[in-house]
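In what follows, every chain begins at residue 1, and chains take the letters A, B, ... in the order their sequences are listed.
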Number of protein chains: 2
Amino acid sequence: MTRQAHPADVFTAIAEPRRRQVIAVLSDGEEHAVNEIVVRMKMDQSPVSKHLSALHKVGVVTVVKRGQHRMYRLNAEGLKPVHDWVKVFERYWTHQVDQIKQRAERKALERLIRLDDGPNKKEE
Amino acid sequence: MTRQAHPADVFTAIAEPRRRQVIAVLSDGEEHAVNEIVVRMKMDQSPVSKHLSALHKVGVVTVVKRGQHRMYRLNAEGLKPVHDWVKVFERYWTHQVDQIKQRAERKALERLIRLDDGPNKKEE
DNA sequence: TTTACATATTCCTTATAAGGAATATATTGA
DNA sequence: TCAATATATTCCTTATAAGGAATATGTAAA
C-alpha cells in the first residue's frame, strides 16, 4: 500500500486514527526515528512506514535522512487546511447564548408557519 | 450504502469532499429540504440522502420531519472534535517568529551532534 | 566485502465505503 | 382508495485503502 493509493488530501489522511496517533507522537515538534515511532505505537514497522509516507505525501511531516535513520518531524502547517475549514464553525458553539435565543425565535416562527401545513411529527 | 458501513466518526465523515459540500450548503444554519440540497449539489437524490444519513449518524446534522419533507440543519457542535483536535497545532503557525528562532537553535545543535556521526545527506 | 541494522516497498487479502438503478415507504391530495 | 411527491433503502459494482509477510534497498561497521 505504498506506491499505491495514499490519501490525496489532508482530510482523508487524518481520518485514519493510526495516523492521528503518529501525529500525536510527533506533536512535540522534535525529530523522531521510524524505529522509535514503531515502539511507541506498538505496531509493525511496515504499516508505520506506510502511514509516515502517507503523511509526508500530504505535507504533514518532513523527513531528514540521518545515518541509517530517517528522522520524521511534524509539519503542522500541513494541517492548516483542516483548521481553516473547521474554524468557520467556531461561532456556532462559542456564542451559545445568542445562538439559543436566535434558535428559539426561529422555532417560534416555524411553529406559526407549520399551522398552515397542519399537524406534524418530529424525528431525529 | 445506507444501513451498511457509514463512517463511524466525524473525522472520517468529513473526509468525503461531497460531505463537506453538503455541510457548506447547510452552513447558513437554516433548515433545508433534501430536495433543495440535491438541486444545489447537482447530484442524484440517492447519494445525497446517503451523505445526509452519514452526517446525521455522526451528529453533524439534525433532521425534522415536516410534511412530506425532511428538513436538515447543521449541528455544528458535531464538528467540535475536529476543531479541538486541530486547534492544538495552531501555535505552530501563529508564533512563526519564535518558532523559526527555536528551530534555528535546534538545527544548530543538531549540526553539532551530527559531527560525531560523520557526513550526512538530506532528503525530503 | 560480509554482516547487521533501519527503513521502504511489493504482493496479497480484506474491509470500507462511494455511486447508480431500482424499489420501498411515508405523506398529501384528489 | 388511488395517484403524486419526497425521501430512504436495498442491491450491485467498483474504488480506495488498511495490515501483514516477505523482500528490497541503503547505510554503517567489522
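- Side-chain atoms of B:Asn75 never come within 3.5 Å of backbone atoms of B:Thr62 as a donor-acceptor pair (strictly under, hydrogens ignored).
- Using a 4.0 Å cut-off, no side-chain N or O of A:His6 falls inside it from OP1 or OP2 of D:dT16.
- Comparing D:dA18, D:dT27, C:dA17 against the side chain of B:Thr12 picks out C:dA17 as the nearest.
- An angle of 10°, rounded to 10°, separates the two end axes of the helix from C:dT1-D:dA30 to C:dA30-D:dT1, each defined over five pairs.
- The main-chain N or O of B:Glu30 is found under 3.5 Å from a side-chain atom of B:Asp28 such that the two form a donor-acceptor pair.
- One cannot find a donor-acceptor pair under 3.5 Å joining the base of C:dT7 and the side-chain atoms of A:Lys50.
- A salt bridge between B:Glu77 and B:Lys80 is absent, with no side-chain N of the basic residue lying under 4.0 Å from a carboxylate O of the acidic one.
- Between A:Arg70 and D:dG26, a side-chain N or O to OP1/OP2 separation shorter than 4.0 Å is absent.
- Protein atom CE of A:Met41 is 14 Å distant from nucleotide atom P of C:dT7, rounded to whole Å.
- Between the side chain of B:Arg19 and the backbone N or O of B:His51, no donor-acceptor pair lies under 3.5 Å.
- Remark: P of C:dA6 and NE2 of A:His32 are 17 Å apart, rounded to the nearest angstrom.
- At whole-Å resolution of the value, CZ in B:Phe11 and C1' in C:dT16 are 19 Å apart.
- For B:Lys65 against D:dT7, no side-chain N or O and base N or O form a donor-acceptor pair under 3.5 Å.
- A donor N or O paired with an acceptor N or O is found under 3.5 Å between the base of C:dA21 and the side-chain atoms of B:Ser46.
- Residue B:Asn35 places at least one side-chain N or O closer than 4.0 Å to OP1 or OP2 of D:dT7.
- For the atom pair B:Lys50 NZ and B:Arg18 CZ, the distance stands at 12.5 Å (nearest 0.5 Å).
- Summarising the geometry, the separation between NE2 on B:His56 and P on D:dA8 is reported as 10 Å, rounded to the nearest angstrom.
- Between the CG atom of A:Leu52 and the P atom of D:dA18 there is a distance of 13 Å, rounded to whole Å.
- In the interface, the side chain of B:Gln45 is paired with the base of D:dA8 through a donor and an acceptor atom under 3.5 Å apart.
- Using a 4.5 Å cut-off on side-chain heavy atoms (C-beta onward), A:Ile37 and A:Leu52 make contact.
- Panel note: side chain A:Asp9, backbone A:Phe11; a donor-acceptor pair is recorded below 3.5 Å.
- Spacing between atom CD of B:Gln21 and atom P of C:dA18 amounts to 14 Å, rounded to whole angstrom units.
- Atom P of nucleotide C:dA17 and atom CZ of B:Arg18 are separated by 18 Å, given to the nearest angstrom.
- Taking only side-chain nitrogens and oxygens, B:Arg66 never comes nearer than 4.0 Å to OP1 or OP2 of C:dT27.
- Where B:Val34 and A:Gln68 meet DNA chain D, the nucleotide closest to each residue was compared, and B:Val34 sits on the side nearer the 5' end.
- Side-chain atoms of A:Ser49 lie closest to C:dT7 of the nucleotides C:dT7, D:dA18, D:dA8.
- Between A:His69 and the phosphate of D:dT27, there is no side-chain N or O to OP1/OP2 separation shorter than 4.0 Å.
- One finds no salt bridge joining B:Glu16 and B:Arg20 here, because no Lys/Arg side-chain nitrogen approaches an Asp/Glu carboxylate oxygen to under 4.0 Å.
- In this entry the distance linking CG of B:Leu55 with P of D:dA8 reads 12 Å, nearest Å.
- With D:dA21, C:dA18, D:dA8 as the candidates, the nucleotide lying closest to the side chain of B:Tyr72 is D:dA8.
- Counting atom types as modelled, A:Glu16 pairs no side-chain N or O with a base atom of D:dA18 as donor and acceptor under 3.5 Å.
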